[in-house]
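Report on the following structure.
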Amino acid sequence: MELIRGIHNILPAHRGCVLTIGNFDGVHRGHAKVIASLVERATHFGLPATLMTFEPQPQELFRGDDAPARLSLLRDKIALLGELGIDRLLCVNFNRHFASMDPEFFIEDLLVRRLGVKYLVVGDDFCFGKSRAGNFDMLKKAGERFGFAVVNTHSFTVGDLRVSSTAVREQLAKGNLEQARRLLGHPFTLCGRVAHGQKIGRTIGFPTANIALKRKVVPVRGVFAVKLWWDGSDIYEGVANVGFRPTVNGQVCQLEVHLFDFEGDLYGKRVEVELVAKIRDEQPFESLEALKKQIWNDADRAKALLGDDAG
Ligand SMILES: Cc1cc2nc3c(=O)[nH]c(=O)nc-3n(C[C@H](O)[C@H](O)[C@H](O)COP(=O)(O)O)c2cc1C
Ligand SMILES: Nc1ncnc2c1ncn2[C@@H]1O[C@H](COP(=O)(O)OP(=O)(O)O)[C@@H](O)[C@H]1O
């Protein structure tokens with residue numbers, strides 16, 4: 001998969017494609033279905049399957065801290081999309097300038113002149129450009145004028161639940177990791193680099209790898225049974241907390257993982273943490289001793305849950 005970073009990096013050689021546009025946050029099963037049909041069309045036309053996405057996500061630009069919790073960071077998205085057979089990923093820097101683009105200019109300059117789109121898949125509620133005045137009907141009409149097909153994405157359901165990034169966020173917020181995994185079609189993971197903490201963990205017999213989450217809003221909270229790995233490593237099992245650590249006066253929301261069968265140095269490693277099942281909500285403890293006792297219980301519970309998961 002070729003990554004095109006920013007519209008200024010679209011080259012004349014990139015002209016001619018089948019295209020889909022969206023946030024693709026989480027890259028869930030609904031997204032996978034849209035992409036599968038895009039790839040099929042790409043084969044049919046003999047053109048590259050191209051996906052346009054935005055970074056930051058538009059809501060993050062417009063709503064800041066009030067934006068919905070991000071399911072996947074760009075890096076995770078790139079990895080997940082790369083597995084789905086896309087040829088090109090165009091990542092647009094979503095800033096005020098781009099957001100205020102005239103909708104006709106978006107179509108004629110970007111879609112037609114520079115990308116040479118032949119087939120376009122978008123949701124029928126897709127809006128774009130200045131004042132969000134560009135919509136599906138406008139794209140359809142432009143398609144007739146410039147000779148490209150425009151189709152809308154269909155809802156994909158699991159059971160009677162419509163798969164959407166919002167539905168995944170709701171399941172995660174409730175701690176339903178298994179249902180979230182069903183909607184996503186892959187496990188929910190958090191990635192980041194292991195940083196130095198307050199060095200309290202090891203003094204209570206639970207060294208914890210501290211992982212900065214780089215998100216304004218985190219979609220999960222609490223204590224979880226987890227699996228952790230990094231590039232080329234084994235998979236380790238453990239117990240983790242996502243939260244503010246009220247007992248030690250934590251200031252930022254952070255992921256902390258204690259691994260069961262590991263001794264060594266994780267500082268600086270970029271790790272991936274799969275949240276397998278939720279154990280409890282985070283709570284303040286009156287002493288580190290009380291917290292330590294609770295973490296013993298959490299570790300037992302996590303081992304049992306991870307054992308069930310393996311079976
Ligand atoms: C399984 C687990 C559960 C935790 N639960 C809580 C909790 O309920 N409340 C809390 O304040 N901190 C909780 N913590 C965070 C601890 O306060 C923190 O890991 C510990 O102070 C070590 O900090 P350090 O890594 O900066 O040394 C939990 C940590 C782990 C690994
Ligand atoms: N079993 C383990 N689980 C997690 N981290 C471990 C483990 N064994 C050793 N470590 C190392 O110890 C560090 C955590 O120790 P800790 O005292 O909690 O310090 P810090 O506050 O810097 O996280 C981790 O970042 C990792 O490098």
Side-chain angles (χ1 to χ4, degrees), residues 1-25 27-28 30-62 74 77-78 81-82 84-156 164-165:
M1 183 174 74
E2 182 188 3
L3 177 61
I4 306 169
R5 282 185 184 270
I7 50 179
H8 57 282
N9 282 318
I10 302 172
L11 304 173
H14 291 132
R15 240 183 141 255
C17 68
V18 301
L19 181 73
T20 186
I21 306 173
N23 282 317
F24 293 91
D25 191 20
V27 194
H28 57 58
H31 296 143
K33 191 125 189 287
V34 170
I35 291 166
S37 86
L38 185 81
V39 169
E40 190 190 304
R41 288 280 103 192
T43 311
H44 172 81
F45 285 110
L47 289 169
T50 303
L51 186 146
M52 184 194 295
T53 195
F54 308 108
E55 188 63 32
Q57 293 186 175
Q59 300 255 19
E60 292 172 325
L61 178 78
F62 295 127
L74 179 61
K77 246 188 227 182
I78 292 171
L81 290 170
L84 295 177
I86 286 167
D87 299 300
R88 288 182 188 148
L89 176 62
L90 169 60
C91 182
V92 173
N93 175 7
F94 196 83
N95 53 27
R96 301 260 164 210
H97 177 70
F98 183 84
S100 64
M101 191 185 281
D102 186 64
E104 268 98 21
F105 189 76
F106 176 86
I107 295 173
E108 291 176 28
D109 184 65
L110 190 55
L111 299 190
V112 177
R113 189 178 71 79
R114 304 178 67 182
L115 289 170
V117 64
K118 288 283 168 284
Y119 180 92
L120 176 64
V121 188
V122 286
D124 55 11
D125 55 353
F126 176 65
C127 290
F128 57 96
K130 193 172 177 190
S131 313
R132 294 174 62 76
N135 58 28
F136 187 77
D137 284 341
M138 189 187 266
L139 286 167
K140 270 245 161 215
K141 289 205 182 85
E144 283 162 23
R145 183 143 67 100
F146 294 106
F148 61 90
V150 184
V151 294
N152 66 347
T153 56
H154 295 287
S155 287
F156 181 71
S164 66
S165 301

With [X] via side chain to side chain contact (heavy atoms under 4.5 Å, CB included) - residues at least two apart:
X	result
Ala142	Ile107, Phe146, Phe148
Gln57	Asn23, Asp25, Glu60, Arg70, Lys77
Lys140	Phe136, Val150
Phe62	Pro58, Phe94, Arg96, Ala99

Problem set entry | salt bridge (Lys or Arg N to Asp or Glu O under 4.0 Å) pairs, two or more places apart, involving residues 121-139 |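 Sorted result for residues 121-139: empty, none.
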Partners of [X] by salt bridge (charged side-chain N to carboxylate O under 4.0 Å, His left out), sequence neighbours excluded?
X	value
Arg88	Glu2
Glu108	Arg145
Arg113	Asp109

Give every donor-acceptor pair under 3.5 Å between a side-chain atom in residues 115-123 and any protein atom, sequence neighbours left out.
none

Any heavy-atom pair between the side chains of [Y] and [X] that's under 4.5 Å?
X	Y	result
Leu90	Leu19	no
Ile35	Phe24	yes
Thr50	Ile4	no
His14	Asn9	no
Asn152	Phe126	no
Phe128	Leu110	no

Problem set entry | Pairwise distance CG(Asn93) to NE2(His8) - rounded to 0.5 angstrom |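 Output value for this atom pair is 8.5 Å.
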For this session: To the nearest 0.5 angstrom, please state how far the SG atom of Cys17 sits from the CZ atom of Arg114.
Result: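 Cys17 SG to Arg114 CZ: 12.5 Å, rounded to 0.5 Å.
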Exercise. How far apart are the closest heavy atoms of Ser100 and His97, and which atoms are they?
Worked result: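 Shortest heavy-atom contact: OG-O, 3.1 Å.
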Exercise. So which heavy atom on Glu55 is nearest to which on Cys91, and how close?
Worked result: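 So the two residues come closest at CB-SG, 3.7 Å.
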Problem set entry | With sequence neighbours excluded, residues passing ring-ring contact (aromatic ring centres under 6.0 Å, His included) with His28 |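 Partners of His28 under the ring-ring contact (aromatic ring centres under 6.0 Å, His included) test: His31.
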Report all side-chain donor-acceptor pairs from residues 36-48 shorter than 3.5 Å, counting only partners two or more places apart or in another chain.
from  : atom 1 : to    : atom 2 : distance (Å)
Ser37 : OG     : Val34 : O      : 3.1
Thr43 : OG1    : Val39 : O      : 2.8

Exercise. Do the rings of Phe98 and Phe54 sit parallel, tilted or perpendicular, given the 30° and 60° boundaries?
Worked result: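 The arrangement is tilted - the two ring planes meet at 30° to 60°.
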Exercise. Per the side chain to side chain contact (heavy atoms under 4.5 Å, CB included) rule, which among Leu89, Ile21, Thr20 passes with Met52?
Worked result: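 It is Ile21, the one option of Leu89, Ile21, Thr20 that forms the side chain to side chain contact (heavy atoms under 4.5 Å, CB included) with Met52.
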Problem set entry | Pairing residues for Ser155 by the side chain to side chain donor-acceptor pair (under 3.5 Å) criterion, not counting sequence neighbours |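 If we apply the side chain to side chain donor-acceptor pair (under 3.5 Å) test to Ser155, skipping adjacent residues, the hits are Arg162.
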For this session: Spell out, as yes or no, whether a donor-acceptor pair under 3.5 Å connects the side chain of Asp87 to the backbone of Ala49.
Result: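 Flag set: sc Asp87 to bb Ala49 pair under 3.5 Å.
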